[in-house]
Amino acid sequence: MNQENHMSMKRFETITFERETGNYHTFRPISCVARPYQKIEDSFPPVVGTKTCGYPPQNALGVMVFAEPRYAMAEPEEGDTPAQPNDYGESKRLCPQVVGDRDPSVIIRIGTCTTEIVKMDPEGTAPRMEAEVGVPTVVARANGSDYASTQGEDTVLAAMAHRCAEHSVAAGEGRDPARVGPPSEPPKVVPGETNPPLVLFGSLPSMVASQPSLELKRHSVQVSGWLPAQRYTDLPPLGAGVHVCGVNPFPSRTATTPMRRRKCRSVGAPFPIGPDGTRARIEKICPVFGIRPIGLRERESKVWEGLKDYLKSVRGKSVFSMGDNPSEASPARFLIGCGTIVYEIGTPYMDKRYQAAEPAPLREASRDMRIPVPRIVEKPDNYDQIQRMRESQPDPAVTGMANANPSEARGIDTKWSVEFTSAQIHGFANARDVLQSVTRSLRRSDMGDPGWTDMVSRDNDPTLQ
Ligand code: SF4
């Protein structure tokens with residue numbers, strides 16, 4: 001192979017990973033308390049942090065903050081800085097109040113930068129508090145010093161995994177009241193369950209959560225439980241013989257906890273985003289249980305067929321994903337499969353072991369569509385990214401709200417990345433929603449050039465002076 005051919009092969013087949021300064025915008029991980037608390041109906045997550053920590057969830061929750069959400073801030077004052085003694089004293093004052101007012105089945109104590117810096121000992125005080133108030137207390141250190149955005153949810157789920165009952169082969173031994181609190185009902189027996197237990201993890205909206213289970217059921221794979229379940233008291237049993245598989249690209253800590261601490265077997269599969277990802281995922285899971293999926297390719301083709309109108313608008317277009325939550329690679333892989341050029345996939349953190357099943361389909365999609373493999377930039381530098389974005393002029397740039405309007409004003413169409421973490425994008429049925437979301441800005445720009453460039457303040461932009 002001559003050198004030129006070799007170079008072009010490399011361009012199409014090698015994924016380059018780079019790491020920058022980590023100087024990027026993202027939501028604070030504590031903003032993600034919204035997801036688990038909405039999902040786990042009987043939980044109450046107090047966030048122990050300053051007013052600085054209080055503002056982001058208030059803003060991120062939007063109008064939901066007026067719906068008496070089941071979360072609250074416990075804001076330390078100056079007297080609390082000696083930490084541990086006062087921490088326990090304050091918890092003792094607040095927790096009975098929470099239990100009295102809301103009667104939760106679990107208190108999820110969310111730690112912040114403040115609790116880290118003053119070295120509070122939440123794991124130390126939680127068991128004492130638990131005994132005091134009689135309600136399980138789980139500790140999640142979802143601080144912004146260590147994590148980004150949706151990783152907040154990951155810390156909560158990883159903490160929850162410790163509280164799941166021990167799985168036992170004998171029916172009915174799945175629940176352990178000492179671990180999951182008062183049992184609400186007798187253990188459910190899944191009718192027709194044939195495969196060893198399979199627990200899916202990741203908090204999907206209830207409407208979408210049934211879909212991964214139903215897709216697997218079509219191929220005779222029964223899902224025995226979800227982490228998190230709708231109620232804390234329904235957490236699935238974990239233990240040797242249980243298989244676990246994530247539905248989202250970000251809960252990598254949650255993936256390791258059942259493996260290391262509970263002897264579960266992790267099933268690595270692409271994430272069910274786009275028809276290609278959904279098909280590839282089922283193809284990975286079925287053989288684990290000795291099942292050969294039938295009719296999957298045909299089903300995938302039908303979904304692609306149904307997307308025809310959207311494919312026309314995204315084929316040949318380009319995307320630059322700045323990256324603010326660790327799940328950018330899967331939607332990018334789907335977009336490449338649609339014929340869209342993805343210049344760059346920024347991401348705060350990529351766990352190469354947990355996301356190990358994604359690079360191969362991403363490479364395949366690039367090769368099939370004759371599109372160069374994108375570079376993956378971990379811990380991106382937003383300043384440098386903006387220079388690269390200006391050079392590549394994508395249509396659109398997937399970015400956070402901080403950079404969206406300034407980019408629009410400079411003639412770059414944008415798509416707010418936060419939608420990918422809250423919209424229903426999983427499974428065959430929701431592939432259309434991903435494209436709908438990406439093409440929204442394209443449809444807007446098809447309406448003509450509104451002359452945004454004239455609206456940039458020249459005083460503030462040296463490149464325009
Ligand atoms: S980054 Fe730290 S200080 Fe800021 S809101 Fe998050 S936890 Fe609080």
Side-chain angles (χ1 to χ4, degrees), residues 20-38 43-62 64-65 69-84 86-87 90-91 94-95 98 107-126 137-160 203 250-254 322-327 346-349 378-383 399-403 416-418 421-422:
E20 292 188 325
T21 58
N23 189 6
Y24 62 95
H25 287 274
T26 178
F27 275 101
R28 281 90 190 265
I30 56 171
S31 305
C32 288
V33 294
R35 284 166 66 102
Y37 105 75
Q38 280 181 321
S43 67
F44 191 97
V47 179
V48 188
T50 59
K51 289 204 190 307
T52 309
C53 309
Y55 296 133
Q58 267 180 30
N59 287 307
L61 284 174
M64 284 193 310
V65 87
R70 287 185 321 277
Y71 100 93
M73 293 298 302
E75 290 176 359
E77 292 171 354
E78 268 181 43
D80 296 311
T81 40
Q84 201 185 344
N86 285 338
D87 173 31
E90 277 301 286
S91 302
L94 294 173
C95 286
V98 166
I107 293 174
I108 308 169
R109 208 188 125 134
I110 310 279
T112 59
C113 299
T114 318
T115 57
E116 292 295 319
I117 289 163
V118 302
K119 303 222 180 306
M120 283 188 185
D121 178 23
E123 282 89 357
T125 50
T137 305
V138 174
V139 175
R141 294 182 179 232
N143 63 76
S145 313
D146 295 320
Y147 304 111
S149 181
T150 44
Q151 285 180 295
E153 177 185 330
D154 186 19
T155 60
V156 172
L157 298 186
M160 286 274 181
S203 49
F250 51 83
S252 54
R253 281 167 63 89
T254 311
M322 287 187 87
D324 60 3
N325 71 81
S327 28
T347 186
Y349 169 65
E378 203 183 32
K379 293 182 183 296
D381 185 307
N382 275 179
Y383 182 86
T399 170
M401 295 182 195
N403 289 310
W416 285 353
S417 53
V418 68
T421 60
S422 55

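Please read these numbers as outputs of a predicted model, since none were measured by experiment. As the structure lists them, so they are numbered: ligands from 1, and atoms in each ligand from 1.
- In this structure, atom 1 (S) of ligand 1 lies nearest to the protein heavy atom Gly144 CA, 3.5 Å.
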Start with the C-alpha gap between Phe250 and Glu153, add the side-chain angles, then the distance that decides, and say whether side chain to side chain contact (heavy atoms under 4.5 Å, CB included) holds.
-> CA-CA 9 Å; Phe250 51 83; Glu153 177 185 330; 3.8 Å; yes
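- Nearest protein heavy-atom neighbour of atom 4 (Fe) of ligand 1: Arg28 NH1, 3.6 Å.
- Here the shortest heavy-atom pairing between Asp324 and Ser149 reads O-CB, 3.4 Å.
- Nearest to atom 7 (S) of ligand 1 by heavy-atom distance, out of Ala142, Ala148, Cys113, is Cys113.
- If you check the side chains of Thr21 and Asp381, you find a donor sitting under 3.5 Å from an acceptor.
- Shortest contact from atom 3 (S) of ligand 1 to any protein heavy atom: Cys53 SG, 3.6 Å.
- Within the listing of ligand 1, atoms 7 (S) sit less than 4.0 angstrom from a heavy atom of Thr112.
- For the residue pair Glu116/Ser145, the side-chain donor-acceptor check at 3.5 Å is not satisfied.
- Arg109 pairs in a side chain to side chain contact (heavy atoms under 4.5 Å, CB included) with only one of the listed residues (Pro45, Ser91, Cys95), which is Ser91.
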